[in-house]
Amino acid sequence: MDIETLAEGIIAGERRALARAITLVESGRADHRAAAAELLAKLPTDRQALRIGLSGTPGVGKSTFIESFGMMLTGQGERVAVLAVDPSSARSGGSILGDKTRMDRLSRDPNAFIRPSPSQTHLGGVARRSREAVRLCEAAGFDVVLIETVGVGQSETVVAEMSDVFVLLLAPAGGDELQGVKRGIMEIADLIVINKADGDLKSTAARTRADYAGALRLLRKRPQDPEGFPRATAVSALEENGLEETWAALQELTDWRREHGFWDRTRAAQARYWFEQDVKQRLLAQLETPQAKDDLTRLSDAVADGARDPAEAAAEFVRRLRAD
């Protein structure tokens with residue numbers, strides 16, 4: 001693979017080059033990891049898209065919302081990239097990767113790019129290399145990058161470490177004020193969007209929005225929020241109502257954070273976080289060498305037989321790992 005040509009294609013905004021580059025950074029092969037690092041080093045760092053993390057429980061309408069929201073943005077001249085993470089099977093390891101099928105209109109929009117990726121064994125709702133995929137999309141000139149998480153529950157917070165704003169999508173009658181003040185995913189949300197505010201659920205959605213708006217006022221105010229944030233809104237992705245208001249709220253929040261220095265500070269903190277995560281992953285990778293596996297098996301057998309103390313055996317294993 002010609003890394004120089006691939007980098008030039010990405011910078012020129014070529015969709016095929018971007019797709020090939022994401023495949024490269026998602027690979028776990030050692031030679032591909034080296035090539036991915038070389039590629040990322042050749043890309044410009046001055047292109048910054050608005051990174052929007054989006055989460056919600058399965059069935060809340062994430063794909064429908066993203067398609068309607070993305071179509072509205074491309075209609076305004078924005079270039080939109082969607083990085084959708086699908087859960088991987090615990091048995092087979094496979095994923096359906098059906099988001100492009102669900103977002104039929106958006107997938108055919110020339111100003112949009114949709115890339116589904118498997119979560120594999122990575123926890124937190126995102127794929128292990130999602131942050132590198134975001135960088136590639138920024139280098140390709142996209143204005144907005146939507147990062148859709150697996151959608152598993154209140155512990156799904158890793159996406160906040162790679163996004164500028166975090167949107168939590170909820171369904172009508174999805175909880176009350178007590179549910180709203182639970183710690184976890186709720187307290188990192190910048191905007192809570194009650195979807196499916198249409199038909200018979202319209203009044204229910206309004207009540208749910210009011211419940212969560214009240215709950216948000218009970219949470220401790222964060223320094224990175226202007227007055228009125230985080231806030232709750234109601235939309236109908238199906239009827240495309242409330243999307244303009246949601247976009248206006250996101251712009252208001254990001255403009256304030258840029259003006260008051262929180263944008264740069266947050267991105268610097270995120271870079272530090274991912275550096276530390278990569279160091280941890282590289283250290284864990286040392287456990288996969290043949291010598292390390294042999295030592296681990298031998299010492300774990302000794303511990304299981306009662307011949308060695310677990311703490312003492314662990315200390316010996318670390319010593320041998322350092323010596324290698």
Side-chain angles (χ1 to χ4, degrees), residues 45-56 65 69 73 83 123-126 130-131 134-135 137-138 143-149 151-170 174-194 208-235 242 244-280:
T45 58
D46 57 341
R47 295 183 178 181
Q48 289 193 341
L50 173 58
R51 306 171 182 174
I52 302 176
L54 187 109
S55 186
F65 174 82
F69 190 64
L73 292 177
L83 300 176
L123 301 179
V126 294
S130 289
R131 183 177 179 273
V134 171
R135 271 208 60 200
C137 291
E138 287 185 323
D143 305 301
V144 179
V145 180
L146 289 163
I147 311 158
E148 180 196 358
T149 70
V152 289
Q154 295 196 31
S155 63
E156 191 182 90
T157 58
V158 176
V159 69
E161 298 294 345
M162 65 178 71
S163 55
D164 301 309
V165 289
F166 180 55
V167 176
L168 179 60
L169 210 61
L170 299 175
D176 52 18
E177 286 197 20
L178 180 60
Q179 185 72 25
V181 296
K182 285 186 176 180
R183 296 302 184 258
I185 197 170
M186 190 66 62
E187 62 184 350
I188 66 169
D190 298 306
L191 193 67
I192 294 176
V193 176
I194 313 300
T208 304
R209 190 209 65 79
D211 283 341
Y212 279 101
L216 290 172
R217 287 193 290 270
L218 299 177
L219 295 178
R220 182 180 299 174
K221 184 171 176 56
R222 306 176 304 185
Q224 71 268 31
D225 293 331
E227 195 63 36
F229 283 91
R231 70 174 60 162
T233 64
V235 306
E244 297 274 2
E245 292 80 357
T246 300
W247 178 234
L250 292 174
Q251 287 181 306
E252 178 187 346
L253 177 60
T254 54
D255 288 346
W256 187 89
R257 286 179 174 174
R258 284 180 187 270
E259 185 179 332
H260 290 79
F262 287 103
W263 175 287
D264 292 332
R265 285 202 290 273
T266 298
R267 288 217 167 181
Q270 290 174 347
R272 183 188 299 275
Y273 171 86
W274 288 107
F275 159 72
E276 293 173 354
Q277 291 299 309
D278 205 46
V279 169
K280 293 175 183 177

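For the numbers below, each heavy atom of this structure counts, side chains included, while hydrogens, waters and symmetry mates do not.
- When all heavy atoms of M162 and I147 are compared, the closest pair comes out as O-CD1, 3.8 Å.
- At least one side-chain heavy atom of L250 sits under 4.5 Å from a side-chain heavy atom of V167.
- By the 4.0 Å N-to-carboxylate-O rule, R209 lies too far from E245 to be salt-bridged with it.
- Closest heavy-atom contact between F166 and A189: CD2-CA, 3.6 Å.
- The two atoms that bring D190 and F229 nearest to each other are O-CD2, 3.9 Å, heavy atoms only.
- Applying side-chain contact (heavy atoms from CB on, under 4.5 Å) to C137 and the options L83, L146, D143 leaves one that passes, L83.
- In this structure, CZ on R258 lies 11.5 Å from OG1 on T266, to the nearest 0.5 angstrom.
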- Message: side-chain contact (heavy atoms from CB on, under 4.5 Å), that's the test. Do L191 and T233 meet it? Break it down for me.
- Response: CA-CA 8 Å; L191 193 67; T233 64; 4.1 Å; yes
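- Atom OG of S163 is separated from atom CZ of R267 by 9.5 Å, given to the nearest 0.5 angstrom.
- A cation-pi geometry, defined here as NZ or CZ lying under 6.0 Å from the six-membered ring centre and within 45° of its normal, does not hold between R257 and W263.
- Residues V235 and G242 share a closest heavy-atom pair of CG1-O, 3.5 Å.
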- Item | Check against side-chain contact (heavy atoms from CB on, under 4.5 Å), Y273 and Q277 | CA-CA 6 Å; Y273 171 86; Q277 291 299 309; 3.6 Å; yes
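- Of the listed residues (I192, L219, L216), just one forms a side-chain contact (heavy atoms from CB on, under 4.5 Å) with P230, and that residue is L216.
- Scanning both residues, R231 and A249, for their nearest heavy atoms gives NH1-CB, 3.9 Å.
- Between R131 and D278 no salt bridge is recorded (no basic side-chain N to carboxylate O distance below 4.0 Å).
- The line from CD of Q48 to CD of E138 is 6.5 Å long, rounded to the nearest 0.5 Å.
- Between P226 and L253, some side-chain heavy-atom pair lies under the 4.5 Å cut-off.
- In this structure, R265 satisfies the cation-pi test against F262, with its NZ or CZ atom closer than 6.0 Å to the six-membered ring centre and inside 45 degrees of the ring normal.
- Note on ring orientation: taking the six-membered ring where Trp is involved, the planes of F69 and W247 are perpendicular (angle over 60°, cut-offs 30° and 60°).
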